[in-house]
Number of protein chains: 2
Amino acid sequence: MRIIDKAQLVEILDRDLAVRLIEEGFIAFSAGKVHVPPVQNFAFTEQNGDCCVKSAWLQGSDTFTMKVSTGFYDNPSKGLESNDGLMLVFSASTGQPLALLQDQGWLTCLRTALAGRVVARLLAPRKVRAIGVLGSGVQARMQLEQLLPVTDCRRLIAWGRDAGRLADYRRFAEGLGFEVRTTHEARELAESANLIVCTTPSREPLLQREWIQPGTHITAVGADGPGKQELDPALVAAADCIVVDAVGQCSRYGEVSHALEAGLIAPGDLIEIGALLAGQASGRTQDDAITLADLTGVAVQDAQIARCALMSLAASRQGPARTVRPK
Amino acid sequence: MRIIDKAQLVEILDRDLAVRLIEEGFIAFSAGKVHVPPVQNFAFTEQNGDCCVKSAWLQGSDTFTMKVSTGFYDNPSKGLESNDGLMLVFSASTGQPLALLQDQGWLTCLRTALAGRVVARLLAPRKVRAIGVLGSGVQARMQLEQLLPVTDCRRLIAWGRDAGRLADYRRFAEGLGFEVRTTHEARELAESANLIVCTTPSREPLLQREWIQPGTHITAVGADGPGKQELDPALVAAADCIVVDAVGQCSRYGEVSHALEAGLIAPGDLIEIGALLAGQASGRTQDDAITLADLTGVAVQDAQIARCALMSLAASRQGPARTVRPK
């Protein structure tokens, strides 16, 4: 059993291969070809922590994956990161454990950012005036990095509550080549940017319907559990195209859940990324359409990013000249 | 994160501590103090394999555990064991992964055998004439080892279908100090032994009601999934005392499920080990009573044996003079 740590994963992981595998995963998921047992959840109330276990097997794949994510929110006071995690990869032909990926949650962050890249490529307006990012954490950084290959736009407006963190984020984005404006007013961001990514753990809407300009695409990744919400349900309802990673999960606790509950949209309004990628639905059909992608995170992304790690590792051992293609 | 392999576990694991922790686990489970999310199951039909993920946290414990078990039944033709598995232990106060126990399924076998020891101590007749074991695999061996501290009886009658494996089992049991008789007739075993352990993956009853002598205790561990069955439902119904590890799980697919379905017993006839250990129910009340223990295996046993492994390891590092007590 191979044990791979975070530093090694960051070094070897082939991001382009990862995008292709994540897309393959979404398509298989929407086609009903991914086995996903129920998520296991623990709540450690006194310790202000939680843990979830997500497992998946993409039919026909020679491996299956189990991912453990933990969040213990008093950890920073102990000098530890709040989030931790790992993945286990097993052979789907012998059951043997093949690899322990001690990624400390990095692969989860990356697969989420890669899903953002996939939907931005599918739905972003042809001419991006400015990118808007809400939040200044790891996900805000990784989403921005993943937009680099999707658009030439290097104008960024970044929203955050904490001035210090926002200043750090500015430096990070400038390092990527962006011309950066920061703001504490989400309205200012919404009125300037037409490719917006929401990455906060907010429990109340940050973006209102009336602020959003025609032609804008919004990707929301913050609502990954019950009670979280970044968008005004009226904004969700105003979108001309609503894409979700998983209809079932998003209907339970994604951004769209609030609009569904309020009766502003119907389940039939939701399009899965996999269906869009497979050409079974259309995304942006007009330049002035508002499009929305609601990403709650599905286990097939974990399975595919883990496969990618093992394939990247094998390729890196065979020397840099080899290209890796999904099987 | 500590990585501990099977050989090290076999060497350091304190079996007596394990019994106490398993008992503590059963009591907590029956008192509703164990958090057990739904089991994750995979079926790999073409590969003739399966996998299950069981996780548990005993409220108040400083660790929680996740166990992966795989069974790929064509593995022997590839020179591999059919069963494999591992456990992960996490801190319940910070979420950090503490240990990977690469036990290859050994800890699961042991915790099952230890449950057999617990119920034999609680329910075996005062005078054991002969022990009867059905099956000749790993579990048949471990159950026999775990009966050594429970009874002075060193007469064994062993049943199996394969003569070669049965001969191996005889040698194993003789090595433990038993006087051994082997048979291919389960009836012969049932008529001689009054402490019987069934350890087979049978899908049809092996022991019939009319063969069993008054005063016998039977522990059945084979029915760990749908479709498996070692006992005649009439025998289950004839037991004066029916003990189960988990009422819910045993009612779904344990030995008792067949008798429940047939209406031969009622859910109220089932006593959980935890309730028995806590003194909330009585077990064997008469010398001539027939008692039955139906063990399907619960995740709290995994959590407790994993805790035991870490505690044993800590104790072994502090030198042999230290005794380990459960916290």
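All heavy atoms count here, side chains included; hydrogens, waters and symmetry mates do not. Order of the sequence lines fixes the chain letters, A, B, ..., with proteins taken first and strands second; residue numbering starts at 1 for each chain. These numbers were taken from a predicted model, which means no experiment stands behind them.
- Here the shortest heavy-atom pairing between A:Cys51 and B:Phe64 reads SG-CE1, 3.6 Å.
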Here's a test: name every donor-acceptor pair under 3.5 Å between chain B and chain A, with the distance for each.
{"from": "B:Pro38", "atom 1": "O", "to": "A:Gln40", "atom 2": "NE2", "distance (Å)": "2.8"}
{"from": "B:Gln40", "atom 1": "OE1", "to": "A:Ser55", "atom 2": "OG", "distance (Å)": "2.5"}
{"from": "B:Gln40", "atom 1": "NE2", "to": "A:Pro38", "atom 2": "O", "distance (Å)": "2.7"}
{"from": "B:Gln40", "atom 1": "NE2", "to": "A:Val53", "atom 2": "O", "distance (Å)": "3.1"}
{"from": "B:Val53", "atom 1": "O", "to": "A:Gln40", "atom 2": "NE2", "distance (Å)": "3.1"}
{"from": "B:Ser55", "atom 1": "OG", "to": "A:Gln40", "atom 2": "OE1", "distance (Å)": "2.5"}
{"from": "B:Thr70", "atom 1": "OG1", "to": "A:Gly95", "atom 2": "O", "distance (Å)": "3.2"}
{"from": "B:Asn75", "atom 1": "ND2", "to": "A:Thr94", "atom 2": "O", "distance (Å)": "3.0"}
{"from": "B:Lys78", "atom 1": "NZ", "to": "A:Ser93", "atom 2": "O", "distance (Å)": "3.2"}
{"from": "B:Ser93", "atom 1": "O", "to": "A:Lys78", "atom 2": "NZ", "distance (Å)": "3.2"}
{"from": "B:Thr94", "atom 1": "O", "to": "A:Asn75", "atom 2": "ND2", "distance (Å)": "3.0"}
{"from": "B:Gly95", "atom 1": "O", "to": "A:Thr70", "atom 2": "OG1", "distance (Å)": "3.2"}

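- Comparing B:Val36, B:Leu80, B:Ile3 by how many heavy-atom pairs each has under 4.5 Å with chain A, the most go to B:Leu80.
- The contact between A:Val39 and chain B is made entirely by backbone atoms, counting heavy-atom distances below 4.5 Å.
- Residues A:Phe72 and B:Gly95 approach most closely at CE1-CA, 3.3 Å, considering heavy atoms.
- Here the closest non-hydrogen pair linking B:Phe42 and A:Ala56 is CZ-N, 3.7 Å.
- With rounding to the nearest 0.5 Å, the separation of CG in A:Leu100 from CG in B:Leu100 is 6.0 Å.
- Interface summary for chain B: among A:Ala43, A:Pro97, A:Ala92, the most heavy-atom pairs under 4.5 angstrom belong to A:Ala92.
- Contact annotation: the side chain of A:Leu86 approaches that of B:Phe90 to within less than 4.5 Å [non-hydrogen atoms, C-beta and beyond].
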